[in-house]
Amino acid sequence: MSKKVRVRFAPSPTGGLHLGGVRTVLYNYLFAKQHGGDFILRIEDTDQSRYVEGAEQYIIDCLNWCGLHPDEGPHVGGEYAPYRQSERKDLYKKYAAQLVKDGYAYYAFDTPEEIEAMREKQRAEGKHTLHYDHHVRYNMRNSLNLMPAETQQLLDAGTPYVIRIKVEPNEVIHFEDMIRGRVEFNTENIDDKVLLKADGMPTYHLAVVVDDHLMKITHAFRGEEWLPSAPVHILLWKYLGWIDDMPEWAHLPLILKPDGNGKLSKRDGDRLGFPVFAMNWTDPKTGELIHGFKELGFLPEAFLNLLAVLGWNDGTEQEIYSLDELIEKFSIERVHHAGAKFDYEKAKWFNHEWIKKLPVSRFTSHVSSLFKEKGITITDEEKFIKVLELVKDRCTLLTDFYEQSVFFFVAPATIDIDSIKPKWNENKQMFFVELIRAYNLLQQWDHNDLENTFKEIAAAHQLKTGELMLPLRIMLVGGKFGPGVFDIASVIGKEETVERIEKTLSELG
Ligand code: GLU
């Protein structure tokens with residue numbers, strides 16, 4: 001590759017960032033970093049009717065959380081600023097005018113009523129697609145049919161107009177997609193898309209081509225849903241005289257619903273109980289909160305890992321990849337053509353693996369804020385770290401840390417006494433009374449001494465340790481979970497251990 005690689009993520013700020021969007025970011029980022037290139041964030045906000053307040057900042061926050069930092073963008077600037085299309089409005093007008101001048105586009109003055117009448121006619125003719133195209137354009141009110149002087153008059157009078165691309169029928173357009181190989185389209189079925197809207201804003205089609213050109217984008221990776229737009233973009237690259245610099249394209253496969261039936265939507269998340277957005281997103285209009293991977297307890301490392309392999313593998317059995325390894329091993333040619341089914345259980349598995357893999361210092365602040373939310377302030381840092389080490393293998397989500405470790409700091413509010421009662425007897429009661437006495441006398445308070453003392457007394461009472469461990473666990477933890485019971489006792493200390501056993505004994509007794 002001779003030119004410096006430059007890729008872009010070009011979201012429209014219309015709402016929360018879907019996991020498919022983050023995967024697009026990731027693949028762009030990996031490709032850029034792998035080739036020593038630049039990764040650009042460009043905000044495509046030319047559709048004012050879909051603009052949502054706060055969505056741009058939210059996208060930036062999501063990229064920050066994931067650690068996918070753009071080299072250029074509206075928040076960091078760069079040589080090709082501005083990176084917000086609404087701030088580049090005047091630029092696009094110039095290119096739209098050039099297209100008209102060169103005969104590749106035309107002014108269309110049709111009113112909404114005239115467009116509706118055109119559609120009505122098409123419906124009556126039994127057409128499935130209601131297109132403004134080469135079949136109808138010569139019957140409409142546009143500069144292809146009007147005399148030049150009439151067109152000028154309308155323009156001078158400030159008559160609202162749009163600029164449409166003039167797509168010639170029956171041309172075969174093709175390009176080499178980096179994932180799909182050769183893709184062909186016949187222009188027969190392509191309509192004369194609007195390039196410049198009545199409000200003077202460009203449509204996506206014009207803006208994306210102009211900006212990819214001006215920002216010297218070399219590779220454009222985007223979702224498969226944009227594939228049908230590719231021929232219009234290719235025509236624009238050609239008509240604007242830039243075709244030799246057109247970026248290479250890769251259209252990424254969809255992320256599908258768990259059952260494989262169609263694209264995963266934010267509604268599926270609500271319905272099936274898993275997150276679809278990267279971070280929590282509150283719709284500013286409805287106030288509706290849609291949960292994100294971050295807040296539900298995913299690590300960014302795991303989130304990126306699970307997205308990377310949702311549609312790509314390196315041909316080996318490896319599943320766990322760090323970002324650095326992905327930069328080294330990712331290849332766009334190995335991205336699958338077919339959509340990838342999203343599997344939430346598998347997503348959690350990745351998080352679990354990453355929790356086990358990372359040092360606890362990576363999530364101490366997250367967990368202490370979980371505690372704070374519940375009104376518990378951690379003061380003993382050393383103990384906190386020890387506890388996190390003890391429980392981390394049991395946590396699938398970061399939020400699990402609360403339940404898995406709170407009993408180390410606060411005695412359980414309730415004890416699952418019903419799980420002890422059925423097998424409780426006088427001998428066991430005697431055992432625990434004796435255990436308290438022996439524990440009180442211990443000089444050292446460590447795992448081995450606690451366990452040995454426990455075993456000796458059990459033997460003296462002719463009880464199997466297995467029968468006693470569960471009651472002890474429930475007394476200390478409140479339920480049937482947690483790490484090794486003597487580890488728990490050694491961390492919570494003598495006083496607390498004895499107190500918790502006594503409390504349960506009195507409830508049993
Ligand atoms: N603005 C488009 C979107 O919202 C970008 C598509 C592209 O990358 O060309 O996804």
Side-chain angles (χ1 to χ4, degrees), residues 5-32 37-52 55-56 58-60 62-63 68 70 72-74 80 82-89 92 165 175 177-180 183 185 193-195 197 201-237 240 242 245-255 263-266 276-278 281 307 311 332 335:
V5 165
R6 290 178 52 82
V7 301
R8 84 303 193 271
F9 176 53
S12 299
T14 53
L17 187 57
H18 187 273
L19 57 110
V22 185
R23 192 191 56 178
T24 302
V25 180
L26 178 64
Y27 287 4
N28 270 296
Y29 179 91
L30 295 176
F31 188 83
D38 297 328
F39 165 55
I40 292 125
L41 173 66
R42 184 173 72 222
I43 299 294
E44 302 208 325
D45 58 349
T46 57
D47 189 349
Q48 304 282 291
S49 63
R50 293 180 64 223
Y51 180 80
V52 174
E56 177 186 321
Y58 165 89
I59 291 166
I60 293 170
C62 290
L63 299 193
L68 302 174
E72 297 164 30
Y80 301 88
Y83 292 92
R84 221 174 262 123
Q85 289 185 327
S86 57
E87 294 168 17
R88 303 167 64 80
K89 190 174 162 187
Y92 310 113
I165 184 171
F175 75 98
D177 188 280
M178 294 173 85
I179 299 171
R180 284 148 216 275
V183 184
F185 302 88
K193 295 241 178 308
V194 172
L195 302 178
K197 293 180 281 187
M201 278 287 195
T203 56
Y204 157 67
H205 303 294
L206 177 64
V208 77
V209 171
V210 168
D211 284 345
D212 281 353
H213 169 71
L214 295 178
M215 295 182 180
K216 296 198 166 59
I217 300 302
T218 57
H219 298 79
F221 303 158
R222 60 186 182 188
E224 187 182 275
E225 63 273 29
W226 299 105
L227 194 56
S229 302
V232 177
H233 300 172
I234 296 172
L235 287 175
L236 286 172
W237 279 93
L240 287 162
W242 304 328
D245 286 328
M246 191 174 82
E248 285 193 58
W249 279 335
H251 289 86
L252 309 175
L254 297 177
I255 296 182
K263 187 180 166 183
L264 182 71
S265 78
K266 64 175 184 182
V276 169
F277 285 168
W281 167 254
L307 289 179
I332 194 77
V335 171

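Whatever order the structure lists them in is the order used to number ligands and atoms, beginning at 1.
- Residues E72 and Y80 have side chains that never bring a donor and an acceptor to within less than 3.5 angstrom of each other.
- Between the side chains of R180 and H251, no donor N or O sits under 3.5 Å from an acceptor N or O.
- Near R8, meaning under 4.0 Å from any of its heavy atoms, are these atoms of ligand 1: 7 (C), 8 (O), 9 (O).
- Closest to atom 3 (C) of ligand 1, if we only count protein heavy atoms, is W226 CZ2, 3.4 Å.
- For atom 5 (C) of ligand 1, the nearest protein heavy atom (residue, atom name, distance) is A10 O, 3.1 Å.
- Annotation: side chain of I40 is not in contact with side chain of P70 (no heavy-atom distance under 4.5 Å).
- In this structure, the side chain of D45 does not engage the main chain of P13 through any donor-acceptor pair within 3.5 Å.
- The protein heavy atom nearest to atom 7 (C) of ligand 1 is Y204 OH, 3.3 Å.
- Contacts between F9 and ligand 1, counted as non-hydrogen atom pairs separated by less than 4.0 Å, are absent for every part of the residue.
- Annotation: F39 is not in aromatic contact with F9 [ring centroid separation under 6.0 Å not met].
- Looking at every heavy atom in both residues, V22 comes nearest to A278 through CG2-CB, 3.9 Å.
- Using a 4.0 Å cutoff on heavy atoms, E225 does not count as a contact of ligand 1.
- Across all their heavy atoms, T14 and V52 have their closest contact at O-CG2, 3.3 Å.
- Contact atoms of ligand 1 toward V208: 9 (O) (distance under 4.0 Å to a heavy atom of the residue).
- In the vicinity of E44, heavy-atom distances shorter than 4.0 Å reach the ligand 1 atoms 1 (N), 2 (C), 5 (C).
- Each of the following atoms of ligand 1 lies closer than 4.0 Å to a heavy atom of S12: 1 (N), 4 (O).
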